Amino acid sequence: MSYLVIYDGNCNLCVTLVQLLENLDGGTRFRYAPMQEETLLDRYDITPQGCELGMILLDRDNPDRRWQGSDAAEEIGQLLPGGELFVSAYRQLPGLKPTGDRLYAQVRDNRYSWFGRRQATYRSKYPLVGDEEMRG
């Protein structure tokens with residue numbers, strides 16, 4: 001399986017987390033696109049306004065299968081080696097998931113004031129390019 005992570009390329013926190021994921025995955029499972037690439041978003045019927053609700057994880061083999069916000073973060077965690085155990089525990093502990101969802105929303109809504117805004121949009125070293133764009 002192959003996935004597309006759509007992130008805010010102007011958000012310092014978002015870019016730091018994408019860079020961490022790039023290093024962990026090495027481009028094996030994930031490709032990346034900033035939400036500022038509206039032409040790419042159009043191909044997947046995603047609007048910039050929709051992206052404001054949080055990062056998006058899209059299954060490139062089945063583009064209708066997608067997760068957003070904290071659900072996307074959990075799914076990414078499950079796809080990483082050893083991550084399934086941690087995500088499963090997170091989901092099963094009473095009250096933890098709703099708390100995590102609220103925390104994600106708070107960070108999302110305050111990301112620029114808390115972590116700053118980049119002057120230039122970050123472009124991943126594992127972008128969705130060429131024939132890969134047409135897969136979706």
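Quantities reported herein were computed from a predicted structural model and do not represent experimental measurements.
Gln36 places no side-chain N or O within donor-acceptor distance of the main-chain N or O of Thr121, the cut-off being under 3.5 Å. In this structure, the side chain of Thr28 engages the main chain of Asp25 through a donor-acceptor pair within 3.5 Å.
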Distance-only check: which donor-acceptor pairs under 3.5 Å involve side-chain atoms of residues 45-55, not counting sequence neighbours?
{"unit_1": "Thr47", "atom_1": "OG1", "unit_2": "Gly50", "atom_2": "N", "d": "2.9"}
{"unit_1": "Glu52", "atom_1": "OE1", "unit_2": "Arg111", "atom_2": "NH2", "d": "3.0"}

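Here the CD1-CG distance, from Ile56 to Asp8, works out to 11.5 Å after rounding to the nearest 0.5 Å. Once rounded to the nearest 0.5 Å, the distance linking CG of Asp101 with CG of Asp71 reads 6.0 Å. We find the SG-OH distance between Cys14 and Tyr112 to be 7.0 Å, quoted to the nearest 0.5 Å. Remark: Ser2 OG to Asn62 CG distance equals 12.5 Å, nearest 0.5 Å.
Two residues are said to be in side-chain contact when any heavy atoms from C-beta on lie closer than 4.5 Å; Leu4 and Tyr44 meet this criterion.
Ile6 and Pro34 make their closest contact through CG2-C, 4.4 Å (heavy atoms, listed as atom of the first residue, atom of the second, distance). For Pro81 against Arg29, the heavy-atom pair with the smallest separation is CD-NH1, 4.0 Å. Glu22 approaches Lys125 most closely through the heavy-atom pair OE2-N, 3.2 Å. Considering all non-hydrogen atoms of both residues, Leu41 and Met35 come closest at CD1-O, 3.0 Å. A pairwise comparison of heavy atoms in Ala33 and Leu40 identifies CB-CD2, 3.0 Å as the closest pair.
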Next item on the list: Take Gln119 and Asn10 through the test side-chain hydrogen bond (donor to acceptor under 3.5 Å, both in side chains) and record every step on the way to the result.
Entry: CA-CA 7 Å; Gln119 291 185 354; Asn10 293 337; over 6 Å; no

Item checked: Pair Ser124-Phe30, side-chain contact (heavy atoms from CB on, under 4.5 Å): steps then yes or no -> CA-CA 11 Å; Ser124 171; Phe30 302 105; over 6 Å; no

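Tested against Tyr3, the residues Ile76, Leu57, Asp61 include a single side-chain contact (heavy atoms from CB on, under 4.5 Å) partner, Leu57.
Listed by first and then second residue, the salt bridge (charged side-chain N to carboxylate O under 4.0 Å, His left out) pairs that reach into residues 73-83 are Glu74-Arg91, Glu74-Lys97, sequence neighbours excluded.
Using a 4.5 Å cut-off between side-chain heavy atoms of Ile, Leu, Val, Met, Phe, Trp and Tyr, with links allowed through other members, Leu93 and Tyr90 fall into the same hydrophobic cluster. Note: the hydrophobic cluster containing Leu21 does not contain Val107 (ILVMFWY, side chain heavy atoms under 4.5 Å, direct or indirect links). Residues Tyr104 and Val15 share a hydrophobic cluster, clusters being chains of Ile/Leu/Val/Met/Phe/Trp/Tyr side chains in contact below 4.5 Å. Taken together through direct or relayed side-chain contacts under 4.5 Å among Ile, Leu, Val, Met, Phe, Trp and Tyr, Leu20 and Tyr122 form part of one hydrophobic cluster. In the hydrophobic clustering of this structure, Leu79 groups with Trp67; members are Ile, Leu, Val, Met, Phe, Trp, Tyr whose side-chain heavy atoms approach within less than 4.5 Å, directly or through other members.
No more than 12 heavy atoms of other residues, nucleotides or ligands shown are found within 6.0 angstrom of CD on Glu84. Shown here is Phe86, whose CZ atom has no more than 12 heavy atoms of other residues, nucleotides or ligands within 6.0 Å.
Using bins of under 30°, 30° to 60° and over 60° for the plane-to-plane angle, the ring pair Tyr126/Tyr32 lands in the tilted bin.
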